[in-house]
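Read through the structure below, which is laid out as structure tokens, and then see the notes.
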Protein chains: 2
Amino acid sequence: MYDVAEQADVSIATVSRVFRKPDAVREATRERVMAVARKLGYVPSGSARGLASRSTGVLGLCFPDYDDSTAGVDDGEITLYSDEIIRGMERAARRHGYALLIAASLAGGTESLVAKVAGRVDGFAVLARTVPTEELEIVSRRLPVVMLAGPREMDHLDHIEVANTDGQRQLTRHLIEDHGRTRLAFVGGAEDSPDAQARFHGFQLACQDAGLPVPDAPDARGDLTQADGRAATEALLARPGPAPEAILFANDQMAVGALRVLEHRGLRVPDDIAVTGFDGIPLTRLTRPPVTTVRQPAGRLGENAVDLLVQRLADPTRAPESVMLPVTVVRRESCGCGD
Amino acid sequence: MYDVAEQADVSIATVSRVFRKPDAVREATRERVMAVARKLGYVPSGSARGLASRSTGVLGLCFPDYDDSTAGVDDGEITLYSDEIIRGMERAARRHGYALLIAASLAGGTESLVAKVAGRVDGFAVLARTVPTEELEIVSRRLPVVMLAGPREMDHLDHIEVANTDGQRQLTRHLIEDHGRTRLAFVGGAEDSPDAQARFHGFQLACQDAGLPVPDAPDARGDLTQADGRAATEALLARPGPAPEAILFANDQMAVGALRVLEHRGLRVPDDIAVTGFDGIPLTRLTRPPVTTVRQPAGRLGENAVDLLVQRLADPTRAPESVMLPVTVVRRESCGCGD
DNA sequence: GTCCACTCTGTAAGCGCATTCATGGGCTGT
DNA sequence: ACAGCCCATGAATGCGCTTACAGAGTGGAC
């Protein structure tokens, strides 16, 4: 910048103005500066600007590394949930003039989040359970943080969640009322998965609504993978007594896994047994039969996150907001609906 | 930082050391500082650090916004190519201690890339044709840039591409030699799509290899969407003379589109006519029949990009490198292979 | 011709941190 | 007990930019 100023025979302040508020500089001067800048290949330092202006123009997103968890064994088979969120955030951020900094949670100890993201952005979003609460607590005192999905752990943060409970409740009701299934089994996720919990709760509510017996716990649990879906299904079918008329899974991957087991056993879906999932991953529409599920608006999660951040940046005194994003029951063949 | 220093009764230099080189500070001091930092919720400013240390610890990625182009009409049906690249880069970047800044190309004029990304990162990758060459030219004088996919436009940049030509050539040879198809039709992309061009060229080479007539241009073109795939297929079938024994598409989306048309017309795939795609998107394995295609290693594109950047950062004098990533022919039913 | 009101540009003071260099204190060895 | 060393720390400088603030020029109204 100093070089540009010198060669254009102006002060660095003017160079700065040319880029920040071009209107404040006479046209002749501006063009002269621009020309020199181009010639010299001037690239303004984001760091310096950030330092001087106390804002970086960047928003952040922290998400878990799915490497060895939900990713689904079948390589790249699904658009990962977080991919959609990233995309949604990127779009929205761009609209607002921000860039997006992303970082999967790193094993690198406490320093990680703070050093990697918090110091470089004007605000950021965190996928629930990605970052230790304590650390969030600290960081959120310095800059806006919005929590994505999962329950609201810290009530002074903005927070966006999807209507897990309501979605599962609707889906269950559909099974009961529209398809007359009453012998239902629910396959949950790990006990510490809030989403899976909420979905099970929705299942409970629907049972209650219909006057069916309300179970205390899922009939089986799995780790949200296809393999666990298969295992859970085997387990359910091995139970004494009549087989369930429908199995509701806490997520799609498990439901898809179940399909294979059922087919293998000669059980027809949905005639002999209905199957449902949750999440709305693309895979569900491509299986045979296509799986009835509940679609999560992952992209909108990201967009809303940016909106909240931008709003809070504009007015830090706003009251923390908690948004509940609606979900959509997607009826397909696996529950008995035509396609 | 000044506050922390004051309350911990040390100088700011010591606070800095506690975070940068903890070993250089006596343990007692270090813990005292850490305690105060935690108490105060100290978050080091990335900008200031970047300024002082002349490096940001961030790598960047510029990619086109697929909003209204390749995205595929079927909402979220595919893992977008760039999603995989993002993921690959993020992983690799994290391994090397970098964070990732992403920005889809923005309509915001020339200022955009430079202001948004270049100034904030230590180096970045660009998906081919995302950024005007001239702008890249300028920026690449200041920091490492690696070009992803597409032909090598600037020979002083590091560059990674996938073996489009070779892949299509192999695939075509497979069709000819292993399935005995000789009446082939190729559906290309837009004329200014280097990837599609390269693939067509591979097709030409294979024809030549086999002593078949070598076409000058694709038999049809489309915009890489399913809709265009359908249209192209209709067009081909409407031509006078015998129908082709195989249609090779420049990408998967078009091939998938074709499947529907063929089924509708009562043509069996692959018995009456073989179909192949290119890219290896997940969708291809889920159609009926599954589509033979060529898988692109998108994730590895991203990882390699980071590797190149890191290497160049370590040694700016290295000679520019051009990496060609191998692709894999994935044989499935649509070409006549068993599944 | 004078004075005022603008417009455009320059001056200078930081922004929060890393880092070099100097300094002081403790320790070793004698 | 003293010289010599090293380790831990502090003081000071600068990274490249933004942004009041002030100053210089320009034009118009009187």
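Just so we're clear, the structure is a prediction, and the values are computed from it rather than from any experiment. Every chain is numbered from 1, with letters handed out A, B, ... down the list of sequences.
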Discussion item. Among A:T14, A:V18, A:V10, exactly one meets side chain to side chain contact (heavy atoms under 4.5 Å, CB included) together with A:R30. Which residue is that?
Written reply: A:V18

Where the side chain of [X] meets the backbone of [Y], is there a donor-acceptor pair that is under 3.5 Å apart?
| X | Y | answer |
| --- | --- | --- |
| B:R300 | B:L325 | no |
| A:D158 | A:E321 | yes |
| A:D122 | A:G57 | yes |

Describe the nucleic acid contact of [X] in one word from base, sugar-phosphate, nothing, applying a heavy-atom distance below 4.0 Å.
| X | value |
| --- | --- |
| B:T29 | sugar-phosphate |
| B:V15 | nothing |
| B:M1 | sugar-phosphate |

Worksheet item: Going by an N to O cut-off under 4.0 Å, is there a salt bridge joining A:E90 and A:R94?
Response: yes

Fill in: Nearest-angstrom distance from the residue atom CG of B:D3 to C1' of C:dG16
11 Å

Discussion item. Is it the case that the side chains of A:R87 and B:S82 hold a donor-acceptor pair, with the cut-off being a distance below 3.5 Å and no angle test?
Written reply: yes

Practice prompt. Would you please say whether a donor-acceptor pair under 3.5 Å links the side chains of A:D195 and A:S193?
Written response: no

Response to the item:
Per-nucleotide protein contact along nucleotides 19-27 of chain C, 5' to 3', at a 4.0 Å heavy-atom cut-off (B base, S sugar-phosphate only, - neither), is BB-------

Worksheet entry | Nucleotide interval of DNA chain D bounded by contacts with chain A (heavy-atom cut-off, under 4.0 Å) | D:dG16 to D:dA20

Practice prompt. Map A:V43 and B:S11 onto DNA chain D by nearest heavy atom, then report which one ends up closer to the 5' terminus.
Written response: B:S11

Discussion item. Aromatic contact between A:Y42 and A:F19, with the criterion being ring centroids under 6.0 Å apart: yes or no?
Written reply: yes

